Every structure is written in C-alpha cells, then in structure tokens.
Amino acid sequence: MRLSQSFIPTMRQDPGEAEVTSHRLMLRAGMIRKVAAGIYSYLPLGLRVIRKIEAIIREEMNRAGAQELLLPILSPAELWKETGRWDFYGKELIRLHDRHERDFCLGPTHEEVVTDLFRREVSSYRQLPLTLYQIQTKFRDEIRPRFGLMRGREFIMKDAYSFDQDEASAQHNYQQMHDAYCRIFSRTGLQFRPVEADTGLIGGISSHEFMVLANTGEELIVFDPDSAYAANVERAEVVPPPTQTPEKLNPLEKVSTPNAKSVEDLSTLLKVDANRVVKTLLYQTGENEITAVLIRGDHQANEIKIQRFLGIHDLTLASPDAVERITNAPVGFVGPVGLSPVRLLADHAIGALSDFIVGGNETDVHLINVNSPRDFAVDDWGDFRQAQAGDLSPNSDSRLQTARGIEVGHVFMLGTKYSEKMGATFLDAEGQSQPAIMGCYGIGVSRTAAAAVEQNHDEKGICWPMPIAPFQAQILPVTNSDAVRQTSEKLYHELGKENIEVLLDDRNERGGVKFNDADMIGTPYHIIIGDKSLANNTIEVKDRKTGEKIHLPPDQVIGWIKEAVTRKLKIEA
RNA sequence: CGGGGCGUAGCGCAGCCCGGUAGCGCGCCUGCUUUGGGAGCAGGAUGUCGGAGGUUCGAAUCCUCUCGCCCCGACCA
C-alpha cells in the first residue's frame with residue numbers, strides 16, 4: 001500500500017487523552033480513534049492488526065475442532081431472565097427496548113444465546129461433543145473504561161462454548177481449548193502465562209486466565225519460580241501456617257494509642273512489626289448483618305475469598321456509622337475482644353500468632369498481648385487473605401513471586417450451571433435426559449492488540465511482532481532523486497509479487513518525517529533507500545526491534561526480506 | 001459511585017485570578033527553495049471558547065446548573 005494514499009493519520013505529539021503506552025502509541029500511530037469513553041474506531045492500520053490476530057485465532061480454534069458461527073449482538077431479555085443474569089449482571093449490561101417496549105440487551109457474552117440454540121437443535125449424545133465459537137463485538141458498560149483498547153465498553157471478543165456428555169469429555173475439551181490458547185498467544189508473539197483464576201460473574205467450576213506479562217497490567221499474579229504453579233492473587237490459595245501454642249502467654253493489657261488508626265500508625269507508635277498487629281475488618285454482609293474478619297496487619301484481605309466463603313455476591317466495608325454503632329469507637333480501633341453481636345471470621349495466619357495487638361473498641365485504645373482463644377472466640381477460620389510475594393508455594397518449597405499481567409484470555413469449566421437453568425439436555429445412550437456439561441472460552445481480541453503494544457514498544461513507537469504486524473516491511477525513500485524513486489517503486493512491486501505486505505512511503509516528506517513515522521507505526525523491517533547508499537550500490541534494511549541495520553546489494557533485498565519474514569513468522573509461531 | 005484533574009482552531013497548549021480586539025506552536029492550503037532522523041522563506045484558511053441559564057453597558061474570564069473526557073479506588077476479555 002502507498003502511504004500517500006492511505007488513511008494513516010499519525011500524530012506528532014502525545015494526545016492529551018492518553019496516559020498508558022498502548023493507548024498513546026495506538027493513537028499516535030493512527031491505528032485507533034476515540035468516539036466516546038471506551039468506544040473506539042479501528043482505522044485501517046489498527047484493523048489490519050485485529051484481522052491478523054483473528055486469523056491466528058480462527059486457525060487454532062478450527063484446528064482444535066471448534067466451529068465458527070455468528071450469534072446476534074442484540075438479545076431478548078427473556079433468555080437472560082431464565083438464567084437470572086438479567087438482574088444479576090447489573091448495570092454492566094446495556095439494556096434497550098424496541099418499539100413495542102420489549103426488553104433487549106447488547107450481548108456482553110453469549111452463554112444464554114448459545115445455550116438456547118443448543119437446546120433447540122441438539123437432542124442426542126451422538127451430536128456431542130460440540131464446540132462453537134464466534135468473533136464479535138461485545139458490550140459491557142464498564143464501571144470505568146480506561147486505557148484505550150485495554151478496557152472498552154465495546155470491544156472485540158472471540159467467545160467459544162463447548163457442550164459435552166460427561167465430565168471426562170468436558171475435561172478433555174477444556175484442556176484442548178487451554179492448549180489452543182497457549183498456541184494462539186505463542187503465535188501472536190506475546191509473552192504470557194496461564195494462571196488459575198476466579199470464575200467471576202460467568203460462574204462455573206474452574207478456570208484459567210491467560211496473562212500477558214506487562215508492568216502496566218491491571219492484574220496481579222503470583223507464581224512459583226520452581227513449578228508450574230501460577231494464579232491470580234484473587235484466587236491463589238494461601239497455605240495455612242502451622243499453629244503455634246507458646247508455653248506462656250502474657251496478660252492482656254490496654255494501651256493508649258491516640259490517633260493510631262492504621263496498622264502503620266500503630267506499628268510506628270508501639271515500635272512493633274506490622275505482622276504483630278491484627279486488623280479487624282467489619283463488612284456489611286447483609287442488610288442488617290455485619291461480619292468481622294481478622295487479618296494480620298501486613299496482609300491484605302481478599303474480598304473474593306470472603307464472599308465465596310459466605311456464599312454472597314456483595315461485600316462492602318461497613319460504613320463509619322455502622323462501625324461506631326457496633327464498637328462505640330471510630331474506624332481504626334475495632335478489635336475482636338468483647339465484640340459480641342457479629343460473626344467473627346479469622347484468617348489462618350492469626351492462628352500462628354500469640355501476644356498480638358488489636359483494637360480496643362474504645363477511642364484511642366488498643367489491646368496488647370491478645371491471644372485466641374483465651375481472649376475471644378473465632379466462629380470460623382479460613383483463607384481470607386490475598387496471596388503475596390514471599391508466601392509459600394502450594395506446589396513446592398519455594399516462595400511465591402508476583403508479576404503484573406493483562407488478562408487476554410479466560411477459559412471456564414461451567415459444568416451444568418447454564419444447561420440446567422435453561423433445560424439444555426440431550427438423551428444419553430440409555431435414553432436418559434442429561435444436562436450438557438458446558439465450558440466457555442474467551443479471548444479479548446482488541447485487548448490482545450493493546451497488550452502486544454504494551455509488551456513491544458520503545459521510546460520511538462511500536463515494535464510489532466511479525467505475526468500481527470499491520471505490514472511486514474516498509475520502504476522509505478529518503479531522498480527524492482529519480483534513481484531513488486525508481487528503485488523504490490521497483491522494490492515495492494517485486495515485494496508485492498512475493499506476497500510481502502509492504503507499505504511504500506511515497507509521500508513528499510523529508511527523511512526525518514518518514515523515519516519517525518515508520519518507527520511509530522512499528523513495521524518490523526524498514527527498507528531505506530537514499531542516494532547515499534545507492535552510490536555504494538546498496539540498500540539499507542533496518543530491523544525495527546533491534547535497530548540493527550544491514551546493507552545489501554539491491555538485487556538481494558527481496559530474497560533477504562522474504563527469508564527474514566518467513567523465519568520470523570515461523571519462530572514466533 | 002467516591003476522590004483528583006481537564007474542556008479555547010485538526011493536535012498540543014496560553015489567555016481566566018484582575019471582565020473590554022481570541023492568541024501561540026505544530027498541522028492544513030498556495031508558491032519558491034530544500035530533501036539520510038520531525039526543513040526555510042513568503043502568503044493564506046480555520047473557532048457557536050463543551051452546553052444552558054444568570055450577573056453586567058460588556059463574559060472565554062464572575063455565579064449557578066448541566067454535559068463530556070482523563071487519572072486513582074471497588075468490576076472484567
């Protein structure tokens with residue numbers, strides 16, 4: 001393609017609206033433009049990247065035995081009411097109604113629609129297993145859309161759904177999808193890691209997330225450097241420490257701790273490590289129900305674990321008013337001793353502590369040398385905290401490390417959650433009606449493009465991995481003599497004939513402008529043609545990522561590029 | 001939804017405190033020169049100052065309301 005005739009509006013300056021790398025660079029490279037918060041147009045260059053990612057996904061999904069279809073974006077409320085998600089999905093579901101006042105929503109995911117299709121069309125175990133997928137625009141009215149394509153309200157997703165007749169077959173299918181995902185992300189040239197994950201709103205039994213490792217990632221994962229174990233922190237189990245019962249306990253004491261409201265204040269004031277302090281968090285767990293959770297001072301509460309333990313979906317910290325009502329003290333002085341009317345949960349880590357420090361349920365007072373069960377009774381013990389770096393791995397004797405990641409894919413083992421609610425059954429070999437065992441599998445296509453930029457860029461712009469680069473090579477005539485123009489045109493046509501995706505910068509711009517735009521756009525190979533090198537009968541080829549430049553005789557350029565592109569497509573595959 | 005910030009030319013911004021001609025840089029258009037890392041000179045076009053209401057002789061500027069956007073926290077591909 002000729003740059004002079006292309007719609008690739010690059011920007012010289014950083015746009016004010018973008019802070020995050022991928023967002024900034026995709027805007028500057030002329031790949032996307034914002035229409036509204038979390039809603040973007042894909043310009044020709046951006047769309048080429050999306051299409052390449054989609055092509056890799058299609059190949060691998062087809063290879064794994066999945067069949068592509070296309071479900072409607074608009075779906076009727078009735079289906080969502082059947083599974084209860086019309087209410088449960090909340091404000092994230094974009095709702096609208098037609099001229100007859102019938103309720104519809106814009107699909108945020110398609111379990112309902114695909115399960116409805118299944119129950120109408122599939123009736124025998126002979127038709128199983130069945131895996132269907134689509135690549136389509138999805139809508140989620142995110143609480144806070146941000147970072148350009150990273151978290152949009154409208155985004156492109158590949159979603160797949162599997163239906164199996166028994167557990168073993170479903171597990172096999174799940175594993176097949178898991179493996180297909182590994183191949184897909186490897187082929188896109190990304191560094192990623194599958195991790196154990198929570199099932200969230202989709203629900204189900206087990207799940208893995210595919211994380212592209214990047215410092216700007218929104219997710220925190222823990223991993224064991226010496227085994228395959230890796231998990232989202234919100235999911236990662238914490239190995240309970242051995243409980244210790246010291247020989248002698250010190251007597252409980254009240255101490256004055258004016259204004260020491262945080263663990264940090266307290267540990268500074270009393271000159272103790274935060275791990276000797278125990279915080280008592282009060283959560284609103286029902287309309288008139290408060291639950292207290294004890295967490296060690298240097299640990300973070302994991303609200304997802306607490307929710308799962310309590311079997312509730314909604315968990316918020318109790319309001320300051322509620323705290324005062326229960327403890328007669330402001331936030332910051334809550335403690336388990338004498339905290340009668342609420343249910344008390346404690347993280348396992350508390351069991352290994354003795355003579356620790358807690359709030360005194362009295363303004364500016366804490367208690368020291370507190371011990372359980374001597375001084376208070378715990379209703380339930382459990383794993384209620386966030387895993388963190390330095391925790392023991394559940395798989396080996398190693399200590400866990402943390403890394404940031406961008407969630408680009410998620411596979412779920414759903415079980416019969418949807419098939420039972422919607423009556424998606426089949427007749428087994430004995431003629432018995434059985435609910436299909438389902439799995440669902442998503443890939444954020446547009447997010448994957450953004451993640452690729454996060455992982456492949458430098459101060460000058462994007463450095464696309466070959467398999468998803470919008471173009472494979474870019475010709476830069478940097479001076480404007482006839483010889484340069486003719487050589488450029490000739491190369492452009494010949495590379496085209498060899499099926500190399502090549503962009504010719506035939507604009508009447510100075511060399512500097514072309515260099516900068518090419519670096520910004522991130523085409524893997526730049527073919528630089530100027531009078532200087534032509535005089536030596538050479539053409540310069542620059543590797544965008546490494547910055548390496550080689551000088552080739554003009555007649556060797558085509559062969560060299562062809563070989564290099566093929567090799568990079570293969571290596572990164 | 002809570003907290004912070006911002007809406008002025010296509011983009012990046014100044015002007016606002018202290019009311020009185022709407023400005024700068026880049027880009028865009030024309031011409032000439034230039035052409036290996038964001039060219040020079042000359043000429044030119046471009047704005048309902050986010051919107052509504054109010055105060056005032058007069059509002060980008062002051063007041064009220066509203067809409068939108070970005071960033072930080074609770075959701076997710």
Side-chain angles (χ1 to χ4, degrees), chain A residues 9-20 23-24 27-28 30 33-39 53 57 89-93 108-110 135-160 181 197-202 207 209-212 218-219 232 234 303-304 307 313-317 319 405-412 440-451 460 476-481 484-485 507-520 526 528-535 540 542 549:
Chain A
T10 56
M11 298 161 91
R12 292 197 174 206
Q13 284 158 301
D14 277 337
E17 75 188 51
E19 302 252 327
V20 165
H23 187 198
R24 204 182 77 236
L27 283 166
R28 285 196 61 183
R33 285 294 183 264
K34 188 181 70 189
V35 175
I39 299 175
I53 296 170
I57 292 173
Y89 224 104
K91 288 188 177 172
E92 207 167 304
L93 193 61
T109 172
H110 279 70
I135 297 176
Q136 186 199 48
T137 300
K138 293 282 189 281
F139 296 83
R140 293 183 190 177
D141 201 354
E142 291 281 345
I143 297 168
R144 179 148 92 91
R146 59 185 148 171
F147 306 158
L149 294 192
M150 205 73 87
R151 178 177 299 281
R153 293 191 290 174
E154 174 178 329
F155 60 99
I156 300 171
M157 175 163 128
K158 185 285 303 180
D159 48 323
Y181 272 39
D198 188 65
T199 51
L201 264 189
I202 309 275
S207 92
E209 287 168 336
F210 288 76
M211 296 286 191
V212 164
E218 294 181 88
E219 302 294 330
N232 194 310
E234 62 190 30
E303 298 185 354
I304 291 173
Q307 280 178 23
H313 308 301
D314 217 10
L315 189 71
T316 45
L317 278 171
S319 66
I406 300 163
E407 184 190 352
V408 289
H410 205 156
V411 295
F412 297 86
C440 77
Y441 317 91
I443 290 179
V445 176
S446 37
R447 181 183 282 180
T448 300
K460 287 188 150 293
L476 286 69
V478 290
T479 51
N480 70 347
S481 67
V484 166
R485 193 173 307 117
R507 296 174 302 173
N508 182 24
E509 289 287 357
R510 297 166 65 89
V513 174
K514 295 187 183 183
F515 283 123
N516 283 307
D517 273 351
D519 287 342
M520 182 57 106
H526 299 172
I528 300 159
I529 303 174
D531 290 304
K532 216 156 75 182
S533 50
L534 279 189
E540 194 176 314
K542 183 179 116 178
K549 291 176 181 172

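In this text the structure is predicted, and so the values were computed from the model without any measurement. In the text below, chain A, chain B and the rest are named by the order of the sequence lines, each starting its count at 1.
With P as the reference atom, B:U48 and B:G54 are 22 Å apart, rounded to whole Å. Between B:U8 and B:C16, the two C1' atoms lie 11 Å apart (nearest whole Å). Comparing the same atom, C1', in B:G50 and in B:C6 gives a spacing of 11 Å after rounding to whole Å. Nucleotides B:U55 and B:C62 are separated by 8 Å at their C1' atoms, to the nearest Å. Rounded to a whole angstrom, the distance from the P atom of B:C49 to that of B:C41 is 33 Å. When the P atom is used for both B:A22 and B:A74, the distance is 49 Å, rounded to whole Å. With P as the reference atom, B:C63 and B:G23 are 25 Å apart, rounded to whole Å. Annotation: B:G3 and B:C17 have their P atoms spaced 27 Å apart (nearest Å).
Partners of A:Arg510 under the side-chain contact (heavy atoms from CB on, under 4.5 Å) rule, at least two apart in sequence or in another chain, do not exist in this structure. A search for ring-ring contact (aromatic ring centres under 6.0 Å, His included) contacts involving A:Phe155 returns nothing, not counting sequence neighbours. Shown here are the salt bridge (charged side-chain N to carboxylate O under 4.0 Å, His left out) partners of A:Glu17, two or more places apart in sequence or in another chain: A:Lys34. Taking the salt bridge (charged side-chain N to carboxylate O under 4.0 Å, His left out) definition, one finds that A:Arg33 meets it with nothing, sequence neighbours left out. Taking the side-chain contact (heavy atoms from CB on, under 4.5 Å) definition, one finds that A:Lys549 meets it with A:Glu540, A:Lys542, sequence neighbours left out. Remark: A:His110 pairs with no residue by the ring-ring contact (aromatic ring centres under 6.0 Å, His included) rule, at least two apart or across chains. Listed by chain and residue number, A:Leu3, A:Ser4, A:Asp505, A:Glu509, A:Val513, A:Lys514, A:Asp517 satisfy the side-chain contact (heavy atoms from CB on, under 4.5 Å) test with A:Arg507 (two or more places apart in sequence, or in another chain). With sequence neighbours excluded, the residues that form a side chain to side chain donor-acceptor pair (under 3.5 Å) with A:Arg28 are A:Asp14. Shown here are the side chain to side chain donor-acceptor pair (under 3.5 Å) partners of A:Asp159, two or more places apart in sequence or in another chain: A:Gln134, A:Lys138, A:Tyr161.
Heavy atoms of A:Lys34 sit under 4.0 angstrom from primed sugar atoms or phosphate atoms, though from no base atom. Backbone-only engagement by A:Glu19 is indicated by non-hydrogen atom pairs under 4.0 Å involving sugar-phosphate atoms exclusively. Residue contacts for A:Glu142: at a heavy-atom cut-off of 4.0 Å it reaches a base atom on one of the strands shown. Residue contacts shown for A:Glu209 are absent, as no nucleic acid heavy atom lies under 4.0 Å away. Within 4.0 Å of A:Gly152, counting heavy atoms only, lies at least one base atom of the nucleic acid.
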Which protein N or O atoms sit under 3.5 Å from an N or O of nucleotides 40-45 of chain B?
none

Shorter than 3.5 Å, N or O on both sides, protein versus nucleotides 72-74 of chain B: list them out with atom names.
residue	atom	partner	partner atom	Å
B:C72	OP2	A:Arg144	NH1	3.0
B:C72	OP2	A:Arg144	NH2	2.8

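Taking atom CD on A:Glu234 and atom P on B:C76, their separation rounds to 8 Å, with Å as the unit. In this structure, the CG atom of A:Asp141 is 16 Å from the P atom of B:C75, given to the nearest Å. In this structure, A:Glu154 atom CD and B:C76 atom C1' are separated by 16 Å, rounded to whole Å. Protein atom CZ of A:Phe139 is 16 Å distant from nucleotide atom C1' of B:C76, rounded to whole Å. B:A77 atom C1' lies 6 Å from atom CE of A:Met157, rounded to whole Å. A straight line from NE2 of A:His410 to P of B:C75 spans 14 Å, rounded to a whole angstrom. Atom CD of A:Glu17 and atom P of B:G10 are 15 Å apart (whole Å). A straight line from NE2 of A:His23 to P of B:C69 spans 12 Å, rounded to a whole angstrom.
Put simply, OH on A:Tyr441 and CZ on A:Phe412 are 11.0 Å apart, with the number rounded to the nearest 0.5 Å.
Both distances falling under 3.5 Å, in either a Watson-Crick or a G-U wobble arrangement, place B:C24 opposite B:G12. Base pairing analysis places B:C69 opposite B:G5; the two distances defining the Watson-Crick or G-U wobble pair are each below 3.5 Å. In this entry B:A60 has no Watson-Crick or G-U wobble partner, no candidate having both defining distances under 3.5 Å. Across all strands shown, the partner of B:A42 is B:U30, judged by Watson-Crick or G-U wobble contacts whose two distances both fall under 3.5 Å.
Along RNA chain B, the nucleotide closest to A:Met150 and the one closest to A:Gly16 are compared, and the more 5′ of them pairs with A:Gly16.
The minimum heavy-atom distance linking A:Asn232 with A:Ala197 is given by the pair CB-CA, 4.5 Å. Between A:Pro108 and A:Leu93, the shortest heavy-atom contact is CG-CD1, 3.4 Å.
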key: Step-by-step side-chain contact (heavy atoms from CB on, under 4.5 Å) determination, A:Asp141 to A:Lys91   = CA-CA 7 Å; A:Asp141 201 354; A:Lys91 288 188 177 172; over 6 Å; no
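Within 3.5 Å, no donor on the side chain of A:Glu92 pairs with an acceptor on the base of B:C76, nor the reverse. Donor-acceptor pairing under 3.5 Å, judged by distance alone, is present between the side chain of A:Gln13 and the base of B:G25.
Not one N or O on the side chain of A:Arg140 forms a donor-acceptor pair closer than 3.5 Å with the backbone of A:Glu92.
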task = Report, as a single string ordered 5' to 3', how protein heavy atoms within less than 4.0 Å touch nucleotides 28-38 of chain B: B base, S sugar-phosphate only, - not at all.
result = ------BBBBB
